[in-house]
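Notes to accompany the following structure.
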Number of protein chains: 2
Amino acid sequence: MPRVKCPKCNKVETILKSGFIRQKQRYVCKECNYNFTLHHENRKAKHQARRNYHTTILDIAKAMGISATTVSRALHDHPDISRQTTAAIKEMAVEMDYHPNLLARSFVNRKTNTIGVIIPNLEATFFSSMLGGIQKVASQSGYRVIMCQSNEDHQTEVDNVHALMDSRVDGLLICHSMENLSYDHIKVYQDRGVPIVHFYRVLMESATSKVLANNVEGAENITQHLLDRGCRRIAIILGPNPLLITKERLSGYLNMLKKSDIAPDQKIICYTDYSQLKVIAAVDQLLELPEPPDAIFCISDRSAIYVLKHLKKRNIKVPETIAVAGFGNDLMGELVEPGLTTYDVQTSRIGETAMEIMLDQMNGGVAYQSELKTVSGELVIRESSQKPEY
Amino acid sequence: MPRVKCPKCNKVETILKSGFIRQKQRYVCKECNYNFTLHHENRKAKHQARRNYHTTILDIAKAMGISATTVSRALHDHPDISRQTTAAIKEMAVEMDYHPNLLARSFVNRKTNTIGVIIPNLEATFFSSMLGGIQKVASQSGYRVIMCQSNEDHQTEVDNVHALMDSRVDGLLICHSMENLSYDHIKVYQDRGVPIVHFYRVLMESATSKVLANNVEGAENITQHLLDRGCRRIAIILGPNPLLITKERLSGYLNMLKKSDIAPDQKIICYTDYSQLKVIAAVDQLLELPEPPDAIFCISDRSAIYVLKHLKKRNIKVPETIAVAGFGNDLMGELVEPGLTTYDVQTSRIGETAMEIMLDQMNGGVAYQSELKTVSGELVIRESSQKPEY
DNA sequence: TTGAAAGCGCTAACAT
DNA sequence: ATGTTAGCGCTTTCAA
C-alpha cells in the first residue's frame with residue numbers, strides 16, 4: 001500500500017489523516033506536528049508557475065511517499081508490484097495527469113517505437129497510398145511514423161536516411177528515388193543491424209527485405225487479356241530503360257507474347273520518361289508504322305490516360321481500332337472515358353506488407369533478413385479494352 | 001589545441017609522438033614510458049564487439065584527451081573554443097563517424113525539432129498534398145514530421161493528439177476529422193503553450209491559428225463565372241450541413257446570387273454527405289423540378305464528377321443544357337470529359353502556409369497566437385461550363 | 001579557453 | 001514486494 005511520507009521529517013509511520021480541506025486529504029505528522037496535504041497539491045502551484053510543466057514519475061512517487069521505481073513498475077504492470085499499489089499508483093497518475101516522457105523512455109530503452117519512411121513525394125497517389133498503408137499497420141502496432149520526401153533526388157534521400165538514423169528510428173522503410181545511384185548510404189546502417197525494408201522501387205543488389213508489386217504477373221495478365229480480346233499486335237509503352245519496374249513489366253509482356261507464339265517487335269516497344277510529351281510522341285510514331293498496333297499497353301495509368309486523350313484527339317476509336325490498357329489502377333482510370341482497363345497493384349497493401357515485414361524483422365531478428373515479397377493485384381477490365389461485338 | 005592524455009598516468013605534457021603504426025599516430029609517455037595509440041583505436045574494437053554502437057562526444061573527448069564539454073561546444077561552434085581546437089574536433093568527429101544522438105539532445109533541450117501532423121487520411125489527394133506542403137516547409141527549416149491518420153474518427157484523433165504530445169512534438173498541425181465533437185483534447189495542450197495550428201477543416205471556436213482555403217471567394221468566383229456564362233438557375237450541391245466548409249461555400253454562392261438580384265431557392269440547395277448515392281439522388285430530384293436548374297455547382301470535385309457521369313447517363317448535355325462546376329481542382333477534373341470547371345484551392349500551399357505559421361509561432365512566441373489565414377486559389381475554367389456559342 | 005559536475009526522466013541491476 | 005543506485009548522451013551553469 002502506498003504510504004505518505006512527512007515532507008519535514010521524512011517519516012512514514014508517524015502520519016495521521018487530519019480531515020479534508022478543499023476536497024483534499026490533509027495529513028499531520030504526529031512526530032514533528034507538521035500539517036500538510038499531498039505533494040501534488042504543491043505541484044499544481046508549480047504547474048501554474050512554470051510553463052510547460054509535466055508530471056514525472058518522481059512527482060507521483062513523492063506525492064505517495066514511495067519510490068520512482070515502484071511507480072515505473074506499477075505503470076508497466078510489473079508482476080512484482082501488488083495489485084493494490086498498482087491500482088493506487090495508476091489512479092494517482094490519472095489524477096495528476098501524468099504522461100510519460102516518451103523521449104526519456106526512448107533514450108534509456110534505446111528504442112523509439114518510431115519507424116522512418118522515405119518516399120519520393122506525396123503528390124502521386126500511389127506513394128501516398130503506400131504511406132497510408134504503412135502508417136495504418138504501424139499505428140496498429142504502436143509505432144509512430146516519421147516521414148520524409150526525397151523529391152526524386154538522390155542527395156536528399158541520402159540526407160534523409162542520415163537524419164532518420166540520427167533520430168534513432170527503429171527501422172527504415174524506403175522507396176528509392178528514381179535516379180538512385182547506389183545504396184551505400186543504407187548499407188552502413190544495415191550492417192549495424194538496423195532493420196531496413198525496401199518497397200515498390202527496389203535495388204535487387206541490396207541484401208534487405210523487399211516488397212514489390214507483382215509486376216511480371218500484372219503485365220502478363222494485361223497482355224493475356226488483350227490477346228484474349230483478339231489483339232495480335234500489342235504495343236507497349238514503358239518507362240525509363242534501366243528501371244526494375246520497366247524490366248519486370250516488359251518481361252511479363254514478353255512472356256505472354258511468347259506463349260502465343262507472337263514474335264516481339266522492337267518497333268512497338270517504346271521507352272519513355274512517362275512525360276506526356278514523350279508518350280504522345282511514342283503514340284504518333286506507332287500510328288505511322290506500316291502496321292500500326294491494335295492495342296497499346298502502357299505500364300502506367302497516367303501514360304495510358306495521355307494515350308486515350310491523344311487517340312481521341314486523332315479520332316481513333318478505343319477500343320474498336322486500338323485497345324488501351326494501363327497499369328496501377330489509379331482512381332482516374334475509372335472516371336476517364338472510356339474507362340481504362342488496368343492492373344490494380346494494391347498500393348496500400350504494398351505499404352501494409354512492407355510494414356508487416358518490418359515488424360517481423362524487428363521481432364524475429366535475423367530470420368527474415370532478406371525476404372522478397374510480391375503483392376499480387378488483379379486485372380480491372382473496363383471499356384478501353386472491351387470489344388463489345390465479340 | 002587538442003592534447004593527448006596518457007592513459008596510464010593521465011598526464012598531458014609528457015606525451016611524445018613515436019611514429020606511425022598501421023597508419024595511425026603512435027604516442028609514448030616519457031614519464032611512465034607507456035606506448036599507445038589514440039583511444040578510438042580501442043573504440044573500434046569495441047565497435048566490432050558491441051552491435052549498434054554509436055560514437056559519443058565522450059568517445060571523441062577521450063580519444064583526444066579533452067573534455068566532453070569542449071567537444072560539445074566545438075560541434076556547436078561555440079565562440080569560446082579556439083578555431084584550431086574546433087577544427088581538430090570536427091575532423092575527429094568525422095573520422096570517428098560521430099553522429100549526435102538526437103534523442104539525448106532533444107531530451108535535455110526539451111525540444112525535439114519534430115512537429116506532429118494529424119490528418120483524416122492519406123487516400124484523398126487533397127490531404128496528402130497538404131501533408132506534402134507541410135513536410136516540404138518543415139524539412140527546409142530542419143523539422144521532422146510525425147504523421148497520424150485519424151480515419152475521420154474522433155476518438156482516434158484524440159488518441160493521436162495524446163500520442164504526439166507524449167512524444168513531445170514541438171508543435172501540432174491538425175486537420176480535424178469530419179465528425180469532430182469538441183476540441184477539449186487540444187485545448188489542454190494549447191493552454192500549456194504548445195503551438196497548434198489548424199488547417200483546412202477548422203473549428204472557429206478554438207483560439208488557435210487557422211489556415212483555410214478561401215472558400216467564400218472560391219464559391220463566389222465559381223458562381224459569378226456561371227452567372228457570366230448566362231446561367232440564371234444555379235443549383236448547389238453541398239456537403240453535410242454543420243460543416244464550416246459547407247457554410248462558407250454556400251455563403252459565397254449566396255453572395256453572388258444576391259449581387260445579381262437572384263433570389264435563392266431552397267429547392268435547388270441540396271445537402272449531401274458527398275456519397276455517390278446521395279449526390280445522384282440530389283441530381284435526380286433537381287431534374288424533376290418544374291424548373292430544373294441550368295447549372296449545378298458542386299462544392300467538391302468528386303461530387304461534380306458523379307454529377308457529370310450521371311448527366312451523361314441521362315443524356316443531358318453538359319454544358320449546353322446544364323453547366324457543371326466543382327471545387328478543389330482535383331487532378332481528375334482535367335481528365336474527365338468534359339473537363340471540369342473548378343476552383344483550384346492550392347492544397348499544397350495550404351500545408352505550406354500552416355507550417356509557416358507554425359514556425360512563426362514557435363519563434364515569435366505569442367505574437368501570432370491566433371491568426372486566421374486564408375489561401376486564395378483561382379478559377380479553372382474547362383469545358384463543363386463553357387457555352388461555346390456565346 | 002577549457003573542465004568538472006549536475007541534471008534531464010526513466011529504467012534496470014542489485015540489494016533488502 | 002519495494003527501494004537504492006547508477007547510468008543513458010548531452011548540455012549547461014559554475015569554477016578555474
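Naming: A, B, ... by sequence-line order, numbering from 1 per chain. Everything quoted here is computed from the prediction, not taken from an experiment.
Two rings, from A:H198 and A:H176, have their centers less than 6.0 Å apart. The six-membered or imidazole ring of A:H162 lies away from that of A:H185, with a centre-to-centre distance of 6.0 Å or more.
Proximity note for A:D80 (side chain, C-beta onward) versus D:dC10, C:dC10, D:dA1: the nearest is D:dA1. Relative to the side chain of B:S82, the nucleotides D:dT11, C:dC10, C:dT1 differ in distance, and C:dT1 lies closest.
Annotation for A:Q140: atom CD counts as buried by contact number, over 12 foreign heavy atoms lying within 6.0 Å. Within 6.0 Å of atom CD in B:Q155, more than 12 heavy atoms from other residues, nucleotides or ligands are found, so the atom counts as buried in its surroundings.
For B:N101, the side chain to side chain contact (heavy atoms under 4.5 Å, CB included) criterion is met by A:F107, A:R168, B:L103, B:A104, not counting sequence neighbours. Contacts of A:V169 classified as side chain to side chain contact (heavy atoms under 4.5 Å, CB included), with partners at least two apart in sequence or in another chain: A:T114, A:L164, A:M165. The side chain to side chain contact (heavy atoms under 4.5 Å, CB included) check on B:N109 picks up B:R105, B:K111, with sequence neighbours excluded.
In this structure, the CD1 atom of B:I89 is 12 Å from the C1' atom of C:dG3, given to the nearest Å. B:L103 places its CG atom 15 Å from the C1' atom of D:dG7, with the value rounded to the nearest Å. Whole-Å rounding puts the B:F107 CZ to D:dT11 C1' distance at 12 Å. D:dG9 atom P lies 9 Å from atom NE2 of B:H54, rounded to whole Å. Straight-line distance from the CG atom of A:N109 to the P atom of C:dC10: 11 Å, rounded to whole Å. For B:L58 and D:dG7, the CG to C1' distance is 12 Å, given to the nearest whole Å. Rounded to a whole Å, the CG atom of B:N101 is 10 Å from the P atom of D:dT11. A straight line from CG of B:N113 to C1' of D:dC10 spans 15 Å, rounded to a whole angstrom.
Within residues 160-167 of chain A, no residue approaches DNA chain C, by heavy-atom distance under 4.0 Å. Residues of residues 67-77 of chain B that place a heavy atom closer than 4.0 Å to DNA chain D, in numerical order, are B:T69, B:S72, B:R73, B:H76.
Residue A:R110 has a polar side-chain atom (N or O) positioned under 4.0 Å from OP1 or OP2 of D:dG9.
Inter-axis angle, ends of the helix from C:dT1-D:dA16 to C:dT16-D:dA1, five pairs per end, rounded to 10 degrees: 40°.
Each of B:P79 and B:V108 was matched to the nucleotide of DNA chain C holding its nearest heavy atom; the match closer to the 5' end belongs to B:P79. Where A:H78 and A:R168 each meet DNA chain D at their nearest nucleotide, the meeting point lying more 5' is that of A:H78.
Counting only distance, with no hydrogens or angles, the side chain of B:D59 and the backbone of B:T56 share a donor-acceptor pair below 3.5 Å. No donor-acceptor distance shorter than 3.5 angstrom exists from the side chain of A:N160 to the backbone of A:I118, with no hydrogens or angles considered.
The pair A:D77-A:R83 fails the salt-bridge criterion, with no side-chain N (NZ, NE, NH1 or NH2) lying under 4.0 Å from an Asp/Glu carboxylate O. Of the charged side-chain nitrogens involved, none lies within less than 4.0 Å of a carboxylate oxygen, so that B:D170 and B:R144 do not count as a salt-bridged pair.
In summary, the side chains of B:S72 and B:T69 do not present any donor paired with an acceptor at a separation below 3.5 Å, with no hydrogens or angles considered.
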